[in-house]
Amino acid sequence: MQELGELSDSICKKNCPADDIGDMLVIMINICKRNFITLEECLNTAYDDIKDRRGVMVDGVFVKEADMDEQVQV
């Protein structure tokens, strides 16, 4: 959580996040190794969850099509 906080801080301060992203990747690789999975497997799992989602980016935030439909009906 500390490394995630440092990444967030860098982004908020508009500093280069390269070192913080690298730190996060090292942590994620270690977690993967302890759980006998790879980062590629994790990426594929995440992609399978989102690949068919439809929506649009609004101010840098992805809004799912289903959420847009709910807002229109309200």
Side-chain angles (χ1 to χ4, degrees):
M1 296 313 290
Q2 177 183 344
E3 299 295 345
L4 181 58
E6 290 176 14
L7 174 60
S8 176
D9 190 51
S10 289
I11 290 170
C12 289
K13 292 179 178 176
K14 300 191 184 316
N15 293 333
C16 178
D19 183 58
D20 302 312
I21 291 171
D23 290 345
M24 294 292 300
L25 285 169
V26 169
I27 290 166
M28 289 187 283
I29 289 167
N30 286 333
I31 292 169
C32 286
K33 286 183 182 277
R34 287 194 314 260
N35 288 278
F36 308 101
I37 55 177
T38 66
L39 280 179
E40 185 175 8
E41 289 170 316
C42 296
L43 287 169
N44 286 333
T45 299
Y47 180 74
D48 285 344
D49 285 344
I50 66 168
K51 67 182 178 192
D52 297 321
R53 290 184 186 167
R54 300 289 179 251
V56 296
M57 293 295 287
V58 177
D59 295 325
V61 176
F62 183 77
V63 178
K64 292 187 279 186
E65 193 172 75
D67 293 341
M68 292 184 326
D69 291 342
E70 287 178 15
Q71 291 176 0
V72 170
Q73 293 174 0
V74 174

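FYI, side chains are in, hydrogens and waters are out, and symmetry mates aren't considered; it's all heavy atoms of this structure.
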Problem set entry | Heavy-atom pair with the smallest gap, counting every atom of Cys42 and Ile37 |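 For Cys42 and Ile37, the tightest heavy-atom pair comes out as SG-CD1, 3.7 Å.
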
Exercise. What closest approach, in Å, do Phe62 and Arg54 show between heavy atoms, and which atom pair accounts for it?
Worked result: CZ-C, 3.8 Å

Quick one: pull up [atom1] in [X] and [atom2] in [Y] and give me the separation to the nearest 0.5 Å.
X: Asp23; Y: Met28; atom1: CG; atom2: CE; answer: 10.5 Å
X: Asp48; Y: Leu43; atom1: CG; atom2: CG; answer: 11.0 Å
X: Asn35; Y: Lys33; atom1: CG; atom2: NZ; answer: 12.5 Å
X: Lys64; Y: Arg53; atom1: NZ; atom2: CZ; answer: 5.0 Å

Problem set entry | Ser10 side chain reached by Cys16 side chain, heavy atoms, under 4.5 Å |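 No, every pair of side-chain atoms sits at 4.5 Å or beyond.
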
Exercise. Do Leu25 and Leu39 have side chains that get closer than 4.5 Å, going by heavy atoms?
Worked result: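 Counting from C-beta outward, Leu25 and Leu39 do come under 4.5 Å.
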
Seminar exercise, completed: Contacts satisfying salt bridge (Lys or Arg N to Asp or Glu O under 4.0 Å) that involve residues 10-22 (not counting sequence neighbours) are Asp9-Lys13

Under 4.5 Å between side-chain heavy atoms, hopping through other hydrophobics if needed: is there a path connecting [X] to [Y]?
X: Met1; Y: Ile27; answer: no
X: Val26; Y: Ile21; answer: no
X: Ile31; Y: Leu7; answer: no

Exercise. Hey, is the main chain of Glu41 close enough, under 3.5 Å, to the side chain of Thr45 for a donor-acceptor pair?
Worked result: yes

